[in-house]
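The next block holds one structure in the form of structure tokens; read it before the comments.
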Amino acid sequence: MSTERFMMTLEEQFAQITARGVDLHSAEELKTRLATSIDTQTPLRIKLGADPSAPDLHLGHCVVLNKLRDFQACGHTVVFIIGDFTGMIGDPSGKSATRPQLSKAQVLENAKSYQDQMFKILDPARTEVRFNSEWFGPMGFEQVIRLSAQVTVAQLLARDDFSKRYAANQPISLVEFLYPLVQAYDSVMVKADVELGGTDQLFNLLLGREIQKAHGQEPQIVLTMPLLEGLDGVNKMSKSLGNYIAVNDTPGDTFGKTMSVSDELMWRYFSLVLCLPEPEIAALKAAVASGARHPRDVKDELGRRIVEKFHGAEAAAESSAEFARVFSRHQLPSDIPDVAVPAEAIGILTLMVKAGLAASTSEARRLVQAGAVRMNDEKITDFRFEVSPQDGMILKSGKRGFAKLKIKT
RNA sequence: GGUGGGGUAGCGAAGUGGCCAACCGCAGCAGACUGUAAAUCUGCCCUCUACGAGUUCGAUGGUUCGAAUCCAUCCCCCACCA
């Protein structure tokens, strides 16, 4: 496999690397560096940084990981940096409070979880994993000051979210100013040839170039990927907005969430998540436009392929079938959680809370009043309704809340 | 250190003595329509033994028949000037 990259010409590599809406800084530099790589038969070092405080990867992360996979397919090496040191600082892009400090053990655990998910896409054999505490741990304050001297406040304020917050009288902590510097210094320490991230990372990535130059290195090439919109179709996919599909979501959830994506947006998923080549996407679009294919079926294919990517073909087929059964044909899911109840009559509200279908009796009451609750497929409209439990009775709340009664003996 | 502005339900943001469980927007949930689409429309959106009751508006104490609103003390946040 180490010879694979010599089988690709510069043009082939360049085409693969620049596919799917990448923004490059700069194309010329990349070509030059690829040429050198081929001449000297040395793989390029492609850097990606990760924040170990949030080990749940979602499809948004996959956009970048897929691009890294492209690099690996060309024979290059991914340098994956776990920000165990920076993780304690907090992320400047978040308006929320600084993230809590993580213990060493927790960082390691998160890092492992991160890698488990990441290697569903990346090739471990071509991935070098580093922790940035390796160089920041022993760093003295003097070095910190020297590093800080390499950037001006004006430069930092040029970053979009900093300037906006500053203009809006919103706080910016000094630590947040330091964060891009820290990230840039990572690039120096691993001698990155290329660094990638989402378009929102552009500033940080470019700063890496400056700092590398200041340390006498060739500046890294910066490559940004489009941000994938989340399930709401508007905001970028992110954990804090809750509009994400996680790599570790169950096949059923992954499929269901995919189906809730709007028709317009699904093409982006085909491209950025599945890396389907443009001509194929164009063909699918044309098929839908002409009525040859129903958008629902195309989305079903999208769902199956995404599930397959993370959980295998079998899970993909199952989740699609299950979805059709429950939501298209309105049949019961194949797997309904049991609720243990005593044999005597029980109020519907209490029962719902017990079954985990409502967080409080007040919420249960609202659901009943909204007409969302069914007992054995019969709508319950009176919140004082008493159920005489029998084994196997089905309680349903909303579209996807199910519970099966089981008499406690 | 000084000056000014703040802390209200998940977020944003009204409210400055009774009409306040608290306008409004976003997010969320449910219903209708569907392809669990999206968009749209409607309702809900602190808790409870529920046409009533309890606990909420940074914290504690006070004034008052009555406070998110007034007073005192305290805690926290932000900007600007040093």
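Protein chains get the first letters and strands the later ones, always in sequence-line order, with residue 1 at the start of each. Quick note: numbers below take in every heavy atom, side chains included, and nothing from hydrogens, waters or symmetry partners.
Looking at A/D300, its side chain has no donor and acceptor atom pair within 3.5 Å of the base of B/rG35. No hydrogens or angles were tested; on distance alone, a donor-acceptor pair under 3.5 Å links the side chain of A/R365 to the base of B/rA50.
The partner of B/rG28, taking Watson-Crick or G-U wobble pairs whose two distances both stay under 3.5 Å, is B/rC44. Under the Watson-Crick or G-U wobble criterion, with both distances below 3.5 Å, B/rU49 is left unpaired in every strand shown. Base-pair partner of B/rU69: not found among the strands shown (Watson-Crick or G-U wobble, both distances under 3.5 Å). Under the Watson-Crick or G-U wobble criterion, with both distances below 3.5 Å, B/rU64 is left unpaired in every strand shown. Base-pair partner of B/rU3: B/rA79 (Watson-Crick or G-U wobble, both distances under 3.5 Å). Across all strands shown, B/rA13 forms no Watson-Crick or G-U wobble pair with both distances under 3.5 Å.
Between A/Q369 atom CD and B/rG43 atom P there is a gap of 15 Å when expressed in whole angstrom units. We find that CG of A/N235 is positioned 13 Å from P of B/rC26, with the value rounded to whole Å. Taking atom CG on A/N243 and atom C1' on B/rA38, their separation rounds to 15 Å, with Å as the unit. A/L367 places its CG atom 11 Å from the P atom of B/rU47, with the value rounded to the nearest Å. Atom pair A/K257:NZ and B/rA38:P shows a separation of 15 Å (rounding to whole Å applied). Atom pair A/E386:CD and B/rU49:P shows a separation of 13 Å (rounding to whole Å applied). Distance, A/H330 NE2 to B/rC33 P: 10 Å, rounded to whole Å.
Across the P atoms, B/rU16 and B/rC81 are found 33 Å apart, a figure rounded to whole Å. Atom P of B/rC46 sits at a distance of 10 Å from the matching atom of B/rA22, rounded to the whole Å. B/rG7 and B/rG15 are spaced 15 Å apart, taking the C1' atom of each and rounding to whole Å. Across B/rC70 and B/rC80, the matching P atoms stand 28 Å from one another, rounded to whole Å. One C1' atom belongs to B/rA21, the other to B/rA9, and the distance between them is 9 Å to the nearest Å. Annotation: B/rA59 and B/rC75 have their C1' atoms spaced 7 Å apart (nearest Å). Separation of the P atoms belonging to B/rG62 and B/rU69 is 15 Å when rounded to the nearest angstrom. Using P as the reference atom, B/rC51 and B/rU42 are 29 Å apart when rounded to the nearest Å.
Applying the side-chain contact (heavy atoms from CB on, under 4.5 Å) test between A/N248 and each of A/H58, A/H311, A/K120 identifies A/K120 as the sole match.
Within the 4.0 Å cut-off from OP1 or OP2 of B/rU49, at least one side-chain nitrogen or oxygen of A/T361 is found. Between A/R296 and B/rU36, a side-chain N or O to OP1/OP2 separation shorter than 4.0 Å is present. A/R325 has no side-chain polar atom (N or O) that falls below the 4.0 Å cut-off from OP1 or OP2 of B/rU36.
Taking 4.0 Å as the cut-off between side-chain N and carboxylate O, A/D193 and A/K47 do not count as a salt-bridged pair.
Comparing A/S360 and A/D253 by the nucleotide of RNA chain B that holds the closest heavy atom to each, the one mapping nearer the 5' end is A/D253. Mapping A/L231 and A/K299 onto RNA chain B by nearest heavy atom places A/K299 at the nucleotide closer to the 5' end.
Here the side chains of A/W135 and A/D186 are in contact, with some heavy-atom distance below 4.5 Å.
Looking at A/D249 and A/T254, their side chains never bring a donor and an acceptor atom within 3.5 Å of each other.
Heavy atoms of A/S260 sit under 4.0 angstrom from primed sugar atoms or phosphate atoms, though from no base atom. If you check every strand for non-hydrogen atoms under 4.0 Å, A/S328 touches sugar and phosphate atoms only.
Of the candidates B/rU36, B/rC44, B/rA50, B/rU36 carries the atom nearest the A/F323 side chain, counting heavy atoms from C-beta on.
Both the sub-6.0 Å distance and the 45° axial angle are not jointly satisfied by A/K399 relative to the ring of A/F327. Taking the ring axis of A/F270 as reference, the NZ or CZ atom of A/K299 does not stay both within 45° of it and closer than 6.0 Å to the ring centre.
Applying the 6.0 Å contact sphere to CZ of A/R400 captures no more than 12 heavy atoms from other residues, nucleotides or ligands.
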